[in-house]
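See below for the structure under consideration.
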2 protein chains.
Amino acid sequence: MVVFAGQGDARRSMSLLWRVPGSGAARGGRGPKPGLSVDVIVDAAIAVADADGMAALSMRAVGERLGRTGMALYTYVPNKGELVDLMYDRALAELPADYDLEAGWRPAVTSWAEDTWEFYLRHPWVLQVSQARPVLGPNEYVMLETLLAILRETGLDAAVVRRVVGTLFHFVRGAAQTVTESREAATATGVPDEEWWQTRSALLREVVPDFFTRFPMVAWLESDTAPPAEDDATPFLEREARRTFEVGLDILLDGIHAAVRRAGVAVLSPAGSAAGREE
Amino acid sequence: MVVFAGQGDARRSMSLLWRVPGSGAARGGRGPKPGLSVDVIVDAAIAVADADGMAALSMRAVGERLGRTGMALYTYVPNKGELVDLMYDRALAELPADYDLEAGWRPAVTSWAEDTWEFYLRHPWVLQVSQARPVLGPNEYVMLETLLAILRETGLDAAVVRRVVGTLFHFVRGAAQTVTESREAATATGVPDEEWWQTRSALLREVVPDFFTRFPMVAWLESDTAPPAEDDATPFLEREARRTFEVGLDILLDGIHAAVRRAGVAVLSPAGSAAGREE
DNA sequence: TGCAACTCCTTATGGCATAAAGTAATCTCT
DNA sequence: AGAGATTACTTTATGCCATAAGGAGTTGCA
């Protein structure tokens with residue numbers, strides 16, 4: 001389930017996101033005292049989504065957590081989409097906003113990716129907020145600013161950095177998503193990863209007896225499965241996803257490194273001085 | 001006989017996916033002739049999802065396209081989730097199943113990524129099928145087999161190839177997703193990308209007057225925006241996503257290349273000859 | 001011929017977002 | 001002080017959704 005940005009009044013949603021003074025509930029002091037606030041509602045909504053997932057996030061569920069009906073929320077928030085945008089931007093505030101660049105961009109990007117990964121695992125529903133038309137809230141920009149401050153160190157030009165940012169996000173989000181989705185599947189069905197895989201692969205062998213002759217490369221791939229460490233109780237899909245994250249990140253960083261070196265050569269060698277940057 | 005959670009269903013779903021003979025509708029020839037079939041239903045469902053998106057895929061919508069009620073489908077398919085799995089595996093059959101390896105793995109992976117990208121744009125709903133616990137249908141395995149046949153050429157060992165596969169998928173899916181989501185947003189809201197961006201950025205400047213001092217790196221990034229080619233009418237979020245796909249893929253392939261070279265060195269100098277890792 | 005097996009329909013049930021309208025609380029203005 | 005305006009929140013209703021339950025009609029085999 002992908003959740004789209006609220007499509008209502010763009011001005012109102014921007015004002016809510018950036019906390020423009022006059023836009024709160026208390027404008028004229030006329031009617032009864034507001035018992036809630038946008039912040040309280042957003043917090044409650046995040047709590048619901050963290051606990052039970054995006055699918056369980058309903059206006060009613062949030063209202064009930066605050067001792068109200070679902071409809072009460074519409075006094076503060078124009079619609080559910082807008083609420084999700086607010087949740088998204090609020091959650092983003094948790095992310096660290098600067099990284100040590102002493103050792104260069106590479107360890108900094110690694111830390112950034114690690115923190116982002118953990119953030120997604122902490123708030124799986126964030127991965128279901130559409131990326132195409134960004135929310136454009138303050139914390140989204142802080143996050144972007146943070147990553148850009150690291151990537152500036154590569155010396156790559158803006159056009160390339162833009163794509164590197166996109167690539168990093170696609171990768172981290174995708175890797176984290178396999179973890180959150182497998183967790184969701186486990187709790188939703190009540191069947192843990194190991195049991196699921198055992199049942200399915202046994203069934204597969206039964207239903208498709210010639211499996212390994214039909215798919216020799218898959219057979220080769222599976223031949224490699226290393227047993228988990230004794231003391232590691234992580235479900236195996238999560239373990240796989242984690243390894244993909246680690247190895248994939250290194251590959252990605254090697255790729256960026258190659259781009260940096262190429263750009264460095266291009267920049268340093270036109271004048272003539274034989275460029276031996278880094279290493 | 002003890003039935004594990006989901007196991008009975010698992011057998012049925014595997015039989016449906018792999019088209020096990022006895023599992024079709026016509027077993028005893030007793031009642032009225034079946035007017036539909038799983039295949040017809042799956043095709044109709046794909047047509048609905050292609051045309052109106054995953055959100056519009058309801059049992060009723062599929063039934064109506066076939067001149068039935070929504071409930072009629074439950075005779076053929078146990079539930080909506082199963083139908084989606086069948087749609088997924090069926091759609092996957094469109095993908096090419098082998099690639100020319102004359103010129104090595106790199107151009108082959110590039111073609112593969114390109115084809116996969118186009119496939120996702122053709123069937124945006126596919127990106128909403130969870131990846132964590134794979135469907136394990138025949139075409140999913142064909143797809144995997146195809147990619148593995150290419151990656152075997154790298155000479156990397158299975159453990160690494162497994163991660164490379166994951167990384168490639170995360171990347172291509174993520175990049176394609178920004179396109180499909182921005183298209184969906186455009187049709188859902190009726191506001192095209194350009195207009196959306198113009199409205200929002202004007203609003204942003206109004207609501208946050210000190211934007212560019214607060215976010216200098218973002219300012220730097222935006223300074224770079226190249227105007228689109230005269231004859232290019234692609235919405236700009238799509239254009240951005242496409243560039244990210246192209247540049248990101250190259251970066252990724254450079255990273256894989258580095259891994260291959262490293263592994264090659266490791267293999268060639270195992271005995272101890274002080275391996276001067278790259279350059 | 002009659003029943004079992006089968007397809008497909010109608011009719012709940014309980015969920016969802018949200019529109020519309022009602023109730024009660026609290027302010028400002030007279 | 002009292003009236004009207006304004007606001008918070010509730011109730012009710014609309015029209016979606018998946019799917020459970022049960023019923024109607026069709027067909028082939030005993």
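Just so we're on the same page: letters track the sequence lines, and every chain starts at 1.
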TODO: Find out whether R122(A) and D50(A) are in side-chain contact, i.e. whether some heavy atom of one side chain is under 4.5 Å from a heavy atom of the other.
DONE: no
Open item on the list: So, OP1 or OP2 of dC9(C): does either fall under 4.0 Å of a side-chain N or O from T69(B)?
Closed with: yes
Task: Separation of dC16(C) P from Y74(A) OH (nearest whole Å) - done: 11 Å
- [ ] Run the ring-centre check on F215(A) versus Y141(B) and record whether the distance is less than 6.0 Å.
- [x] yes
Open item on the list: For a quick check of understanding: with a heavy-atom distance under 4.0 Å over all strands, which category does M59(A) fall into, base, sugar-phosphate or nothing?
Closed with: sugar-phosphate
TODO: Report the C-alpha distance between H123(A) and E94(A) in whole Å, list the side-chain angles of each, state the deciding distance to 0.1 Å, and finish with yes or no for side chain to side chain donor-acceptor pair (under 3.5 Å).
DONE: CA-CA 11 Å; H123(A) 301 297; E94(A) 282 178 22; 2.6 Å; yes
- [ ] Would you please confirm or rule out a distance under 4.0 Å between OP1 or OP2 of dC17(D) and any side-chain N or O of R60(B)?
- [x] yes
- [ ] Kindly indicate whether the side chain of Y76(B), heavy atoms from C-beta on, has any atom under 4.5 Å from the side chain of V40(B).
- [x] no
Task: pair R200(B)-S13(A): side-chain heavy atoms closer than 4.5 Å - done: yes
Open item on the list: I'd like to check the side-chain hydrogen bond (donor to acceptor under 3.5 Å, both in side chains) partners of R214(A); sequence neighbours left out, ordered by chain and number.
Closed with: none
Task: Pairs flagged by salt bridge (Lys or Arg N to Asp or Glu O under 4.0 Å) wherever residues 58-76 of chain A is involved - sequence neighbours left out - done: none
TODO: Would you mind reading off the distance between M71(B) atom CE and dA20(D) atom C1', rounded to a whole angstrom?
DONE: 7 Å
Open item on the list: side chain to side chain donor-acceptor pair (under 3.5 Å), that's the test. Do E181(A) and S130(B) meet it? Break it down for me.
Closed with: CA-CA 7 Å; E181(A) 282 179 3; S130(B) 169; 2.7 Å; yes
Open item on the list: Looking at dC8(C), I'd like to know if its phosphate oxygens (OP1 or OP2) sit under 4.0 Å from a side-chain N or O belonging to Y76(B).
Closed with: yes
TODO: For residues E240(A) and R162(B), determine if any side-chain heavy atom of one lies less than 4.5 Å from a side-chain heavy atom of the other.
DONE: yes
Open item on the list: Quick check: do L57(B) and V84(B) have side-chain heavy atoms less than 4.5 Å from each other?
Closed with: yes
TODO: Carefully, step by step, assess W117(A) and F169(A) under the rule ring pair (Phe, Tyr, Trp, His ring centres under 6.0 Å).
DONE: CA-CA 10 Å; W117(A) 159 277; F169(A) 272 110; over 10 Å; no
Open item on the list: Tell me which pairs pass salt bridge (Lys or Arg N to Asp or Glu O under 4.0 Å) where either residue lies in residues 72-83 of chain B, with sequence neighbours left out.
Closed with: none
Task: Separation of dC8(C) C1' from I41(B) CD1 (nearest whole Å) - done: 12 Å
Task: Position toward the 5' end of DNA chain D (nearest nucleotide), K33(B) or S58(B) - done: S58(B)
Task: DNA chain D-proximal residues of residues 78-86 of chain B, any heavy atom under 4.0 Å - done: N79(B), K80(B)
- [ ] Write down the distance between CG (L73(B)) and P (dC17(D)), rounded to a whole number of angstrom.
- [x] 13 Å
For nucleotides 28-30 of chain C, print each protein N/O atom paired with a nucleotide N/O atom at under 3.5 Å, atom names and distance only.
none

Task: Interatomic distance, L57(A) CG vs dG15(C) C1' [rounded to whole Å] - done: 14 Å
Task: Rounded interatomic separation in angstrom, taking CG from L36(A) and C1' from dT10(D) - done: 13 Å
Task: Candidate nucleotides dC9(D), dC8(C), dT26(D), ranked by approach to the side chain of P32(B) - the nearest - done: dT26(D)
Task: Between the first and last five pairs of the helix from dT1(C)-dA30(D) to dT30(C)-dA1(D), the angle of the axes, rounded to 10 degrees - done: 30°
- [ ] Using a heavy-atom cut-off of under 4.0 Å over every strand shown, decide if A72(B) touches base, sugar-phosphate, or nothing.
- [x] sugar-phosphate
Open item on the list: Taking any heavy-atom pair under 4.0 Å as a contact, classify G35(B): base, sugar-phosphate, or nothing.
Closed with: sugar-phosphate
